**Q** 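Got a structure here, written out as structure tokens. Questions coming.
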Amino acid sequence: MVKAVINCNIFDYETYKENQYIRFDKDILEVGSMENFEKKDNEEIIDFKGKLIMPGFVNGHTHIYSTFARGMSVEFNPKSFSDILKQLWWKLDSKIDLEITYYSSLISGIELIKNGITSVIDHHASGISIKGTLNELKKGLSDEIGIRGIFCFETSDRFDVDECIQENSEFLKNSSEKYAGMFGLHASLSLSNETLKKVSENLNGAPIHIHVAESIEDEEDSINKYGKRVVERLEEFNLLTKNSILSHCVHIDKKEAEIMSKYDIYVALNPTSNMNNAVGLPNYKLLKEKGINTIVGNDGLGYNITREYLNLYFTQKYRYNNPLFFNFEDLKRNIDNVYNLVGEMLGIKLGRIKGGYKADMISFEYKPFTPIDESNILGHVFFGIWDNLDVADTIVNGEFLMKDREVKFEVEKIYNEAKKIAENLWRKL
């Protein structure tokens, strides 16, 4: 059924309009002023009573497998980033099976909806089960919850490499407007030349999704073992394919940036995770100077992507000791980039509230106490809405997944089952 949201204000990073209506099914069909609104037969009318509507958020790099880490207690006394991996994340992912993967996707889907995220790019790892895990993610997150997802399995020498390659290759064969695949790789420090050669032989032009130079140890390991830096290794094996995502890139140098600038790839920035792991902050100035596309993710650290927008904005100013560096135009560029990337991979149009774009939208009950217009709307959104995120409605593909803060799924039932699964997982650890 066609729906019409009336009496709303619209901001889509391009334009701001007040007192509007939006008519949509799976796609946005029509946008206009309430002065011109006329109800049509057999359409559902929803009065938003002045709510602000924006495009749904996209998380450009996350780890759904980390869902059950919340509250988990393990022996943890890291002296390096490698220790963090070994003492926490590799310990966790080694015990993940298909059931844990499925419930991680359900829980994540609900939490993402609450935070206004309508699409995610996920990077998965699970040691007990490799084959079939990406379909479990798709089933829970995209088929049942309804969020769009780009999925991959992180190939690593820690796992059965042939199974990793097969899982990525099989999932890449199918896609829809709701889901697609990438070819997942963990990081240079856990990938031998033999493994990279195997991946290259099976890639068939697919985009890769890999951690790059998240810590200095990744670069040191590559130099010590192979006599070259991480990005040089990736180029050597022809892995810098179109739309690939290189996550973090905190410790790349100018030569690596120059190599990356030759390819149509993206760098996923994850500032909060970088600070949490004490590995440094991304060199956005270098990436920008070299014309490298950047997007924003959260590396699996919670579900609120606006925290990443705020932290990226503030930390880049601090990094360069310049209050004018990394402005709202930089922020909008990162947001538009991830809409363009996911849109291209799914074959749809995302990120604007206008005809022909997918009806992936979120709303906020925002009552400004200072003047608001097209010249300062992003300042209101950044300092007034994202600073205290409270999403009222989340719509994906024209369907209300959350309406007036009520999620449409059996949240209590799913969460109660998830607690049992988490307890069993923790016992294994």
Side-chain angles (χ1 to χ4, degrees), residues 11-14 54-64 66 108 111-112 115-123 147-150 152 182 207 209-214 243-250 252 260 265-277 279-288 290-320 325-345 350-352 360 362 378 381-383 385-387 389 391:
F11 176 56
D12 64 2
Y13 304 101
E14 188 174 73
M54 295 180 63
F57 298 127
V58 177
N59 186 332
H61 173 74
T62 193
H63 297 289
I64 288 173
S66 69
S108 291
E111 292 296 318
L112 291 165
N115 285 275
I117 294 177
T118 55
S119 299
V120 297
I121 303 176
D122 186 62
H123 194 268
I147 290 176
R148 302 185 200 277
I150 311 291
C152 70
M182 303 184 78
H209 189 173
I210 182 173
H211 301 103
V212 169
E214 182 175 359
N243 290 337
S244 289
I245 296 175
L246 279 54
S247 294
H248 302 291
C249 293
V250 175
I252 63 166
M260 292 159 62
I265 61 173
Y266 292 78
V267 171
L269 309 174
N270 304 269
T272 308
S273 173
N274 294 160
M275 291 189 288
N276 185 53
N277 290 327
V279 296
L281 289 167
N283 188 346
Y284 183 75
K285 182 181 286 188
L286 174 62
L287 297 168
K288 184 177 180 180
K290 298 300 180 182
I292 299 167
N293 290 324
T294 55
I295 60 178
V296 180
N298 76 343
D299 205 28
L301 199 61
Y303 300 96
N304 180 1
I305 197 65
T306 65
R307 176 178 61 184
E308 304 307 314
Y309 298 158
L310 271 66
N311 282 342
L312 183 61
Y313 182 85
F314 295 131
T315 58
Q316 288 299 305
K317 294 176 184 297
Y318 173 77
R319 190 187 199 283
Y320 299 106
F325 186 75
F326 201 91
N327 54 36
F328 282 167
E329 289 304 313
D330 291 302
L331 185 62
K332 286 198 292 184
R333 189 177 301 113
N334 277 270
I335 293 170
D336 281 343
N337 281 345
V338 80
Y339 286 135
N340 292 337
L341 174 59
V342 173
E344 183 174 345
M345 294 188 71
L350 295 173
R352 293 290 181 263
D360 291 11
I362 55 178
L378 188 51
V381 168
F382 188 89
F383 292 105
I385 294 178
W386 292 351
D387 189 54
L389 191 67
V391 179

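As the structure is a prediction and not an experimental result, all values here were calculated from the model.
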**Q** Can you give me the closest heavy-atom contact between S108 and I64, atom names plus distance?
**A** OG-CG2, 3.6 Å
**Q** Go through it in stages, so that I can follow the logic: the residues are I147 and T118, the test is side chain to side chain contact (heavy atoms under 4.5 Å, CB included), and I'd like the CA-CA distance, side-chain angles, deciding distance and then a yes or no.
**A** CA-CA 5 Å; I147 290 176; T118 55; 5.6 Å; no
**Q** Just to verify, what does Y320 make a side-chain hydrogen bond (donor to acceptor under 3.5 Å, both in side chains) with, not counting sequence neighbours?
**A**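 Y320 satisfies side-chain hydrogen bond (donor to acceptor under 3.5 Å, both in side chains) with N283 once adjacent residues are dropped.
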**Q** Listing request: all salt bridge (charged side-chain N to carboxylate O under 4.0 Å, His left out) pairs with a residue in residues 290-306, at least two apart in sequence or in separate chains.
**A**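 Every salt bridge (charged side-chain N to carboxylate O under 4.0 Å, His left out) pair that includes a residue of residues 290-306, provided the two are not neighbours, is E258-K290.
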**Q** Evaluate the side-chain proximity of N243 to E344: yes if any heavy-atom separation is below 4.5 Å, no if none is.
**A**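 Heavy-atom side-chain distance check passes, below 4.5 Å.
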**Q** Are Y266 and N334 packed together at the side-chain level, in the sense that at least one heavy-atom pair is separated by less than 4.5 angstrom?
**A** no
**Q** Check the pair V250 / L281 against side chain to side chain contact (heavy atoms under 4.5 Å, CB included), numbers first and verdict last.
**A** CA-CA 6 Å; V250 175; L281 289 167; 5.8 Å; no
**Q** Once rounded to the nearest 0.5 Å, what's the spacing between atom CD1 of I150 and atom OG of S119?
**A** 7.5 Å
**Q** Run the side-chain hydrogen bond (donor to acceptor under 3.5 Å, both in side chains) test against D336 and tell me which residues pass, sequence neighbours left out.
**A**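 D336: side-chain hydrogen bond (donor to acceptor under 3.5 Å, both in side chains) contacts with R352.
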**Q** Using a 4.5 Å cut-off on heavy atoms from C-beta on, say whether the side chain of L269 contacts that of Y284.
**A** yes
**Q** Within a strict 4.5 Å, meaning less than it, do heavy atoms of the L350 and D360 side chains meet?
**A**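 Yes - at least one pair of side-chain heavy atoms lies under 4.5 Å apart.
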**Q** Is it true that Y313 and F382 have ring centroids separated by less than 6.0 Å?
**A**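 When the ring centroids of Y313 and F382 are compared, they turn out to be within the sub-6.0 Å range.
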**Q** Less than 6.0 Å separating the ring centroids of H211 and H209?
**A** no
**Q** Please report the closest heavy-atom contact between Y339 and P55, naming both atoms and the distance.
**A** OH-CB, 3.4 Å
**Q** Report the residues that fulfil side-chain hydrogen bond (donor to acceptor under 3.5 Å, both in side chains) with K288, sequence neighbours left out, ordered by chain and then residue number.
**A** D330
**Q** Verify, without hydrogens or angle tests, whether R307 (side chain) and W386 (backbone) share a donor-acceptor contact under 3.5 angstrom.
**A** no
**Q** Could you give the distance from OG1 (T62) to OH (Y303), rounded to the nearest 0.5 Å?
**A** 7.5 Å
**Q** Could you tell me which non-hydrogen atom of N274 sits nearest to which non-hydrogen atom of P282, and how far apart they are?
**A**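 Smallest heavy-atom distance, with atoms named: OD1-CD, 3.6 Å.
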**Q** What pair of heavy atoms forms the shortest contact from M345 to P207, and how long is it?
**A** CE-CG, 3.9 Å
**Q** Any heavy-atom pair between the side chains of V338 and V296 that's under 4.5 Å?
**A**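 V296 vs V338: side chains apart.
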**Q** What closest approach, in Å, do I295 and I245 show between heavy atoms, and which atom pair accounts for it?
**A** CD1-CD1, 4.1 Å
**Q** Rounded to the nearest 0.5 Å, what separates atom CE in M182 from atom CD1 in I121?
**A** 6.5 Å
**Q** Would you call F326 and K285 a side-chain contact if the rule is heavy atoms closer than 4.5 Å?
**A**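 Heavy-atom side-chain distance check fails, nothing below 4.5 Å.
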**Q** Output yes when a side-chain donor or acceptor of H61 lies under 3.5 Å from a complementary backbone atom of S247, and no otherwise.
**A**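 It does not hold such a pair.
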**Q** If you look at every heavy atom in H248 and V267, which pair is closest and at what distance?
**A**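 Looks like O-CG1, 4.1 Å.
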**Q** Can you name the side-chain hydrogen bond (donor to acceptor under 3.5 Å, both in side chains) partners of E308, sequence neighbours left out?
**A**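 Only T272 meet the side-chain hydrogen bond (donor to acceptor under 3.5 Å, both in side chains) criterion with E308.
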**Q** Does one side chain, of D122 or H63, offer a donor that lies under 3.5 Å from an acceptor on the other?
**A**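 No, H63 and D122 have no side-chain donor paired with an acceptor closer than 3.5 Å.
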**Q** For Y318, is the OH atom crowded, meaning more than 12 foreign heavy atoms sit under 6.0 Å from it?
**A**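 Check fails, neighbour count at 12 or below.
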**Q** Got a donor-acceptor contact below 3.5 angstrom from the N277 side chain to the V279 backbone?
**A** no
**Q** Please report the interatomic distance CG(L331) to CG(L312), rounded to the nearest 0.5 Å.
**A** 7.5 Å
**Q** How long is the straight-line distance from CG of N311 back to CG of N298, given to the nearest 0.5 Å?
**A** 11.0 Å
**Q** Atom CG in N293, atom CG in N340: separation rounded to 0.5 Å?
**A** 8.5 Å
**Q** Mind checking what makes side-chain contact (heavy atoms from CB on, under 4.5 Å) contact with A213, not counting sequence neighbours?
**A** E219, H251, I252
**Q** Begin with the C-alpha distance, continue with both residues' side-chain angles, and end with the deciding distance and a verdict on side chain to side chain contact (heavy atoms under 4.5 Å, CB included) for V120 and V58.
**A** CA-CA 6 Å; V120 297; V58 177; over 6 Å; no
**Q** Check whether any side-chain heavy atom of E214 sits under 4.5 Å from a side-chain heavy atom of C249, and report yes or no.
**A** no
**Q** Check whether any side-chain heavy atom of T306 sits under 4.5 Å from a side-chain heavy atom of N115, and report yes or no.
**A** no
